K.L.:
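Structure below; questions to follow.
These numbers come from a predicted model, not from an experiment.
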Amino acid sequence: MSTREGTGIVLGPNRYGKAESRVVRIVRDTTRHEIHDLNVSTSLYGDFAAAHTDGDQSQVLPTDTQKNTAFAFAKRHGVASPEDYAIALGTRLLEATPAADGAVVQVEEYAWDRIPVNGFGHDHAFVRRGGEVRTAVVEVTAAGPSVSTGLKDLVVLKSTGSEFKGFLRDDYTTLADADDRILATALRAEWHHRDGARPDWSTTYESVRALLLETFATTYSRALQETLYAMGRAVLTAHEDITRIAFAAPNKHHFLVDLEPFGLDNPGEVFFAADRPYGLIEAEVVREGSA
């Protein structure tokens, strides 16, 4: 840390970088093109105190250079997967900045599907897939890269197979027990790979995603918390290289609409979907012995 003499005031933790560079890489090696649509954020941390206390930029790699490197490496290294690309980009930024102790690269990948024409996906026309976003966070230091993969905005819903009852009550509790309810969430999950692991990133991603969906569908849920724990256990059981998985799950509430004023029954068929306020459930499932 750096301090001004006699002030007793020091500079705390700091980092800097370029946020949300929208990098689109088209692979044109054949007439059947591929598209990788990324949102890339980079940052560096280390001994940059002089830039803050003295205005000395001599050890600062400009954020504009970080942006340029992100675009250049989309061509030079390619985008086989968000993780592979982020490792290469972070390694380059760390090498280019002697004062840096580490580089952090965050990547979101937006999925595109081929537009079907006569029953086949078109060679070079795509439609943006809604909702879900694939994520990767890579931290590169002298010890090597640390990789977390994830997804966000994966919207899932069960129309039955969920209850919520027997909860704590006090003077302000109005919620009634629910023996059968809609369970819905926009799931965010992030799983950390054991340091040194080099799986096929995309294959592992698809496997974890499938496990999350299958477990959500097949687990009878007495609470969203129970469902998240079951999903985490399924992932860690199937993938030894994953040490932990963290979830954030907003409970997307659906309330039964009273149709009696209109002379209609409503046996669990018509609901009002409320977007706020919502319950937010967060949990991490960890392999024993992992930090």
K.L.:
Once rounded to the nearest 0.5 Å, what's the spacing between atom NE2 of His33 and atom CZ of Arg25?
P.N.:
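Between atom NE2 of His33 and atom CZ of Arg25 there are 11.0 Å.
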K.L.:
Any idea which heavy atoms bring Leu89 and Val105 closest together, and the distance?
P.N.:
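Residues Leu89 and Val105, closest heavy atoms: CD2-CG1, 4.0 Å.
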K.L.:
Can you name the closest pair of heavy atoms from Asp265 and Pro267 and give their distance?
P.N.:
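Smallest interatomic distance, heavy atoms only, reads C-CD, 3.6 Å.
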K.L.:
According to the interplanar angle, ranging from 0 to 90°, do the rings of His122 and His124 count as parallel (below 30°), tilted (30 to 60°) or perpendicular (above 60°)?
P.N.:
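Taking His124 first and then His122, their aromatic rings stand perpendicular (interplane angle over 60°).
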K.L.:
Report whether Tyr205 and Val133 are members of the same hydrophobic cluster (ILVMFWY, side-chain heavy atoms less than 4.5 Å apart, transitive linking).
P.N.:
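The answer is no; the residues belong to distinct hydrophobic clusters.
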K.L.:
Under 3.5 Å, is there a donor-acceptor pair between the Thr135 and Glu190 side chains?
P.N.:
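Looking only at side-chain atoms, Glu190 and Thr135 do not form any donor-acceptor pair under 3.5 Å.
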K.L.:
Looking only at non-hydrogen atoms, find the nearest pair between Leu61 and Gln66 and report the distance.
P.N.:
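Looks like O-NE2, 3.6 Å.
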K.L.:
Should we count CZ of Phe120 as having more than 12 external heavy atoms under 6.0 Å?
P.N.:
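Not buried by this count: 12 neighbours or fewer within 6.0 Å.
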K.L.:
Would you say Leu224 ends up clustered with Leu212 if hydrophobic residues are merged whenever their side chains have heavy atoms under 4.5 Å apart, either directly or through other cluster members?
P.N.:
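Yes: a chain of side-chain contacts under 4.5 Å links Leu212 to Leu224.
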K.L.:
In Å and rounded to the nearest 0.5 Å, what is the NE2 to CH2 distance from His193 to Trp201?
P.N.:
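Answer rounded to 0.5 Å: 5.0 Å.
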K.L.:
Can you name the closest pair of heavy atoms from Thr173 and Leu168 and give their distance?
P.N.:
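Shortest heavy-atom separation between Thr173 and Leu168 comes out as OG1-O, 4.1 Å.
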K.L.:
Just how far is it from atom CZ of Arg32 to atom CD of Glu34, taken to the nearest 0.5 Å?
P.N.:
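Those atoms lie 7.5 Å apart.
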K.L.:
Are the side chain of His253 and the backbone N or O of Gly279 linked by a donor-acceptor pair below 3.5 Å?
P.N.:
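Yes: the side chain of His253 pairs with the backbone of Gly279.
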K.L.:
Salt bridge between Glu83 and Arg198, side-chain N to carboxylate O under 4.0 Å?
P.N.:
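Salt bridge flag = no for Arg198 with Glu83.
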K.L.:
Quick one: are Asp64 and Lys67 in side-chain contact, heavy atoms under 4.5 Å?
P.N.:
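SC-SC contact between Asp64 and Lys67 confirmed.
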K.L.:
Within a 6.0 Å radius of atom CZ on Arg22, are there more than 12 heavy atoms belonging to other residues, nucleotides or ligands?
P.N.:
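It does: Arg22 CZ has more than 12 such atoms within range.
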K.L.:
Over all heavy atoms of both residues, which pair between Pro145 and Asp195 is shortest? Give the atoms and the distance, please.
P.N.:
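Pro145 and Asp195 have their closest heavy atoms at O-OD1, 4.3 Å.
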K.L.:
Salt bridge or not between Asp123 and Arg114? Use side-chain N to carboxylate O under 4.0 Å.
P.N.:
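Judged by the 4.0 Å cut-off on N to carboxylate O distance, Asp123 and Arg114 do not form a salt bridge.
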K.L.:
Got a sec: does the NZ of Lys252 have more than 12 other heavy atoms crowding it under 6.0 Å?
P.N.:
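Check fails, neighbour count at 12 or below.
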K.L.:
For Phe271 and His254, take the angle between the two ring planes, folded into 0 to 90°, and tell me which bin it lands in: parallel under 30, tilted 30 to 60, perpendicular over 60.
P.N.:
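Perpendicular: the ring planes of Phe271 and His254 meet at over 60°.
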K.L.:
Ion pair present between Asp177 and Arg169, side-chain N to carboxylate O less than 4.0 angstrom?
P.N.:
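Looking at Asp177 and Arg169, the cut-off is met.
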K.L.:
Counting only heavy atoms from other residues, nucleotides and ligands, does the tally under 6.0 Å from OH of Tyr229 exceed 12?
P.N.:
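Atom OH in Tyr229 is not crowded, with 12 or fewer foreign heavy atoms closer than 6.0 Å.
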K.L.:
Let me check something: do Val60 and Tyr45 share a hydrophobic cluster, defined by ILVMFWY side-chain heavy atoms less than 4.5 Å apart, either directly or through other members?
P.N.:
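In one cluster: no.
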K.L.:
Is there a side-chain contact between Glu109 and Leu38, using heavy atoms and a 4.5 Å cut-off?
P.N.:
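They are in contact (side-chain heavy atoms under 4.5 Å apart), so the answer is yes.
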K.L.:
Checking Thr204 against His239: is there a side-chain donor and acceptor pair closer than 3.5 Å?
P.N.:
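No, no side-chain donor-acceptor contact under 3.5 Å.
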K.L.:
How far apart are the closest heavy atoms of Phe48 and Ala99, and which atoms are they?
P.N.:
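It is CE2-CB, 3.9 Å.
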K.L.:
Should Thr219 and Glu226 be marked as a side chain to side chain donor-acceptor pair (under 3.5 Å) after you check the CA-CA gap, both sets of side-chain angles, and the distance that decides it?
P.N.:
CA-CA 9 Å; Thr219 299; Glu226 183 179 34; over 6 Å; no
K.L.:
Can you find a pair of side-chain heavy atoms, one from Ser146 and one from His192, that are under 4.5 Å apart?
P.N.:
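With C-beta onward as the side chain, the pair touches.
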K.L.:
Quick one: are Val235 and Val285 in side-chain contact, heavy atoms under 4.5 Å?
P.N.:
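Val235 vs Val285: side chains apart.
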K.L.:
Let me confirm one number: the CG-CG distance from Asp47 to Asp101, rounded to the nearest 0.5 Å.
P.N.:
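That separation rounds to 7.5 Å.
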K.L.:
Could you point out which residue of Val24, Val107, Val27 forms a side chain to side chain contact (heavy atoms under 4.5 Å, CB included) with His36?
P.N.:
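Single side chain to side chain contact (heavy atoms under 4.5 Å, CB included) partner of His36 among Val24, Val107, Val27: Val27.
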K.L.:
Please round to the nearest 0.5 Å and tell me the distance separating atom CZ of Phe73 and atom OG1 of Thr91.
P.N.:
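So the gap between those two atoms works out to 8.5 Å.
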K.L.:
If you define the side chain from C-beta out and look only at heavy atoms, does anything of Glu108 sit under 4.5 Å from Lys152?
P.N.:
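In short, these two side chains touch, coming nearer than 4.5 Å.
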K.L.:
Would you kindly say whether Tyr220 and Glu163 are connected by a side-chain donor-acceptor distance under 3.5 Å?
P.N.:
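Note: Tyr220 and Glu163 side chains meet the donor-acceptor criterion.
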K.L.:
With the 4.5 Å side-chain cut-off for hydrophobic clustering, are Leu187 and Phe216 part of the same group?
P.N.:
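Both belong to a single hydrophobic cluster.
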K.L.:
Looking only at side chains, do Arg181 and Ser162 share a donor and an acceptor under 3.5 Å apart?
P.N.:
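Result is yes, a qualifying pair exists.
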K.L.:
Taking atom CD1 of Ile35 and atom CZ of Arg128, what is their separation to the nearest 0.5 Å?
P.N.:
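Rounded to the nearest 0.5 Å, the CD1-CZ separation comes to 9.5 Å.
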K.L.:
Check whether any side-chain N or O of Asn14 sits under 3.5 Å from a backbone N or O of Gly12 as a donor-acceptor pair, and report yes or no.
P.N.:
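Pair found, side chain donor or acceptor close to backbone of Gly12.
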K.L.:
For Leu236, is there any backbone N or O sitting under 3.5 Å from a side-chain donor or acceptor partner on Arg287?
P.N.:
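Yes, Arg287 side chain to Leu236 backbone: donor-acceptor pair under 3.5 Å.
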K.L.:
Give a yes or no on whether Ile245 and Val156 share a hydrophobic cluster (residues Ile, Leu, Val, Met, Phe, Trp, Tyr; joining criterion: side-chain heavy atoms under 4.5 Å apart).
P.N.:
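The answer is yes; both residues are in one hydrophobic cluster.
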K.L.:
Are more than 12 heavy atoms from other residues, nucleotides or ligands located less than 6.0 Å from atom CG of Asp170?
P.N.:
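Enclosed.
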